[in-house]
Chemist: 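I have a structure I would like to understand better, so I am pasting it below and will then ask my questions one at a time.
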Amino acid sequence: MDMLSSERYITAFSKSAAPVLRVSDGATVRIATKDCYMDNLRAENDPRGAAKGPAIGCNPASGPVFIEGAWPGDTLKCEILAIDVGDYASMRISNHGGLMADRVTAPIVRCIPLRDGHAELAGVRMPLDPMIGVIGVAPEGGDVDTESPGAHGGNMDTRHIRAGSTLYLPVAAEGALFALGDVHARMGDGEICICGLECPAEVTVCLSVVHGKREKWPMLKDERGRWYAIASAADLDEAAKLSADAMMDFIEKRVAIDHNELILLMSLVCHLEISQVVDPLLTARTSLDPFAFPGLDF
């Protein structure tokens, strides 16, 4: 298995980024990641000791990884095999960012232990549900920073990008130039306060190429067989429409069904959901009930 250190990272997805690892089609890679604050956010009396640098919220993404045989027009299939989180997570709030910034009366930074598959905050004990916030490939056009989502993936903050799911990303550059980071030990839809349980992690993925086939937006199949079309835009209305269009296009390419009948059916078996509302672009997803088209594949 190939290994990638958290010290090899990018802060922008780019066609010109130099790969730090080259792997064959179908390779399994274990990728270490820093948290979105470069592992440097500290609370008062933090058990992790002093920070090694400033707590810059730059969403470092480990990579990029060059996948042999990936070319523009292909799709990178990323099977997420495991997400192993660190011992602690960081959270913060302030009146400078997040949907609830106007309700914050005092800034807070918390260090939260991750123990026995659980975390506790404000007396509430909750199970961990690790997911990947930033995951993507080089974009079609110019560079895109790792704080932003887009058609290349990026900072989609979609909680269903977890172990057992498979993400399909449209390839725009030779080798795809794949990177990931910003793991959360748990996060609710929307990422309302501006962060989840931000933590370092080790993520194991299998990277393979689907040749000659791609969708405009990332597609995700979760561990239950539910498909999601994920899209981002300047406002949620636009992101929702883009994700619904992406799901319709995905189905029409694979299922023999009347165009207008499909539109009717989508109101019954598709679901519009919010991924995040705190990034430079907002992210929505449209999911499809697995019973609608059993066996639907990319």
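What you are looking at is a predicted structure, and each value in this text was computed from that prediction instead of being measured.
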Chemist: Looking at side-chain heavy atoms only, is the closest gap between H118 and R186 below 4.5 Å?
Modeler: no
Chemist: So, is the end of the R254 side chain (NZ or CZ) under 6.0 Å from the ring centre of F298 and within 45° of the ring's axis?
Modeler: yes
Chemist: Taking CZ in R103 as the centre, count heavy atoms belonging to other residues, nucleotides or ligands within less than 6.0 Å. Is the count above 12?
Modeler: no
Chemist: Within a reach of under 6.0 Å around NZ of K216, are more than 12 heavy atoms found that belong to other residues, nucleotides or ligands?
Modeler: no
Chemist: Do NZ/NE/NH1/NH2 and the carboxylate oxygens of K213 and D74 come within less than 4.0 Å?
Modeler: no
Chemist: Could you measure the distance from the CE atom of M248 to the CG atom of D245? Nearest 0.5 Å is fine.
Modeler: 8.0 Å
Chemist: For T283 and S232, test the side chains for any donor-to-acceptor distance below 3.5 angstrom and give the result as yes or no.
Modeler: yes
Chemist: Working to the nearest 0.5 Å, report the span between CD1 of I263 and CG of D258.
Modeler: 9.0 Å
Chemist: So V65 and V20, do their side chains get closer than 4.5 Å, heavy atoms only?
Modeler: no
Chemist: If you draw a 6.0 Å radius around CG in L265, do more than 12 non-hydrogen atoms from other residues or ligands fall strictly inside?
Modeler: yes
Chemist: Assess the residue pair L220 and H160 against the criterion (side-chain contact (heavy atoms from CB on, under 4.5 Å)); give the C-alpha distance rounded to whole Å, side-chain angles, the decisive distance to 0.1 Å, and a yes or no.
Modeler: CA-CA 8 Å; L220 178 73; H160 299 287; 3.7 Å; yes
Chemist: Just checking, R214 and Y168: is the charged tip under 6.0 Å from the six-membered ring centre and within 45° of the axis?
Modeler: no
Chemist: Hey, what do you get for OG1 (T158) to OH (Y228), rounding to the nearest 0.5 Å?
Modeler: 10.0 Å
Chemist: For a quick test of reading the model, state the closest non-hydrogen atom pair linking P218 to A151 and the distance between them.
Modeler: CD-O, 3.5 Å
Chemist: Any donor-acceptor pair under 3.5 Å linking the side chain of D289 with the backbone of F291?
Modeler: no
Chemist: With a 4.5 Å cut-off on side-chain heavy atoms, are W227 and I251 touching?
Modeler: no
Chemist: Distance only, no hydrogens: is a donor on one side chain within 3.5 Å (strictly under) of an acceptor on the other, for T286 and E273?
Modeler: no
Chemist: Looking only at atom types and distance, does a side-chain atom of N40 sit under 3.5 Å from a main-chain N or O of P54, one as donor and one as acceptor?
Modeler: yes
Chemist: Do E120 and R125 sit within salt-bridge range, that is, some charged N less than 4.0 Å from a carboxylate O?
Modeler: no
Chemist: Where is the tightest heavy-atom contact between D279 and P149, given as atom of each residue plus distance?
Modeler: CB-CD, 4.2 Å
Chemist: Side-chain contact, heavy-atom cut-off 4.5 Å: E79 with V205?
Modeler: no
Chemist: Quick one: OG on S243 to CE on M219, what's the gap to the nearest 0.5 Å?
Modeler: 9.5 Å
Chemist: Would you compute the distance between atom CE of M3 and atom OG1 of T28 and round it to the nearest 0.5 angstrom?
Modeler: 12.0 Å
Chemist: Is there a path of hydrophobic side-chain contacts, each under 4.5 Å between heavy atoms, that joins L76 and W71?
Modeler: no
Chemist: Do NZ/NE/NH1/NH2 and the carboxylate oxygens of E7 and K34 come within less than 4.0 Å?
Modeler: yes
Chemist: Measuring only between side-chain heavy atoms, which start at C-beta, is L180 closer than 4.5 Å to V134?
Modeler: no
Chemist: Given the rule that I, L, V, M, F, W and Y join up when any side-chain heavy atoms are under 4.5 Å apart, are V203 and L167 in one cluster?
Modeler: yes
Chemist: For the residue pair M91 and L41, what are the closest heavy atoms and their distance?
Modeler: O-CD2, 4.2 Å
Chemist: Hey, does the side chain of S165 reach the backbone of A163 with a donor-acceptor pair shorter than 3.5 angstrom?
Modeler: no
Chemist: What are the two closest non-hydrogen atoms of G63 and I10, and how far apart are they?
Modeler: O-CG2, 3.7 Å
Chemist: Under a 3.5 Å distance rule, please check whether Q276 uses its side chain to pair with a backbone N or O of V278 as donor and acceptor.
Modeler: yes
Chemist: Is any side-chain heavy atom of C206 closer than 4.5 Å to one of C78?
Modeler: no
Chemist: When you check the side-chain N and O atoms of T146 and N59, is any donor under 3.5 Å from an acceptor?
Modeler: no
Chemist: Quick check on the hydrophobic clustering: are L21 and V171 connected, directly or via other members, by side-chain heavy-atom contacts under 4.5 Å?
Modeler: yes
Chemist: Could you check whether any side-chain N or O of S62 sits under 3.5 Å from a backbone N or O of A32, counting only pairs where one atom can act as donor and the other as acceptor?
Modeler: yes
Chemist: Side chain of D35, backbone of M38: donor and acceptor closer than 3.5 Å?
Modeler: yes
Chemist: Can you name the closest pair of heavy atoms from V104 and P107 and give their distance?
Modeler: CG1-N, 4.3 Å
Chemist: Taking L207 as the starting point, is it possible to reach I161 by hopping between hydrophobic residues whose side chains are less than 4.5 Å apart?
Modeler: yes
Chemist: Any Lys/Arg nitrogen of D237 or K241 sitting under 4.0 Å from an Asp/Glu carboxylate oxygen of the other?
Modeler: no
Chemist: In the single-linkage hydrophobic clustering (I, L, V, M, F, W, Y; side-chain heavy atoms under 4.5 Å), do L262 and V269 co-cluster?
Modeler: yes
Chemist: Between D39 and K52, does the salt bridge (Lys or Arg N to Asp or Glu O under 4.0 Å) criterion hold? Intermediate values first, please.
Modeler: CA-CA 8 Å; D39 293 344; K52 296 179 180 179; over 6 Å; no
Chemist: Does any donor atom in the side chain of H184 or E191 lie under 3.5 Å from an acceptor atom in the other side chain?
Modeler: yes
Chemist: Does some side-chain heavy atom of T166 sit less than 4.5 Å from a side-chain heavy atom of I80?
Modeler: no
Chemist: I'd like to know whether CZ of R48 has more than 12 heavy-atom contacts from other residues, nucleotides or ligands below 6.0 angstrom.
Modeler: yes
Chemist: Compute whether any side-chain donor of one residue and acceptor of the other, for E140 and H152, lie under 3.5 angstrom apart.
Modeler: no
Chemist: Please test K15 against E174 for salt bridge (Lys or Arg N to Asp or Glu O under 4.0 Å), starting from the C-alpha separation and ending with a verdict.
Modeler: CA-CA 8 Å; K15 289 180 179 179; E174 182 185 359; over 6 Å; no
Chemist: From I192 CD1 over to M100 CE, what is the distance, rounded to the nearest 0.5 angstrom?
Modeler: 7.0 Å
Chemist: So, the side chain of T33 versus the backbone of G181: is there a donor-acceptor pair under 3.5 Å, distance only?
Modeler: no
Chemist: If you look at every heavy atom in C199 and L114, which pair is closest and at what distance?
Modeler: CB-CD1, 4.2 Å
Chemist: Where do L197 and L121 land on the side-chain contact (heavy atoms from CB on, under 4.5 Å) test, with the steps shown first?
Modeler: CA-CA 10 Å; L197 287 173; L121 178 66; over 6 Å; no
Chemist: Going by an N to O cut-off under 4.0 Å, is there a salt bridge joining R92 and E198?
Modeler: no
Chemist: Side chains of R110 and Y88 only: does a donor on one sit below 3.5 Å from an acceptor on the other?
Modeler: no
Chemist: Quick one: do S148 and L281 satisfy side-chain contact (heavy atoms from CB on, under 4.5 Å)? Show the steps, please.
Modeler: CA-CA 6 Å; S148 300; L281 298 178; 5.5 Å; no
Chemist: In terms of side-chain geometry, is the basic nitrogen of R285 or D189 positioned less than 4.0 Å from the acidic oxygen of its partner?
Modeler: yes
Chemist: Give a yes or no answer on whether the side chain of R42 reaches the backbone of V109 with a donor-acceptor pair at less than 3.5 Å.
Modeler: no
Chemist: Set out, in order, the CA-CA distance, both residues' side-chain angles and the distance that settles side-chain contact (heavy atoms from CB on, under 4.5 Å) for T75 and L169, then state yes or no.
Modeler: CA-CA 5 Å; T75 291; L169 295 162; 5.7 Å; no
Chemist: Are F178 and I67 close enough that some pair of their side-chain heavy atoms sits under 4.5 Å apart?
Modeler: yes
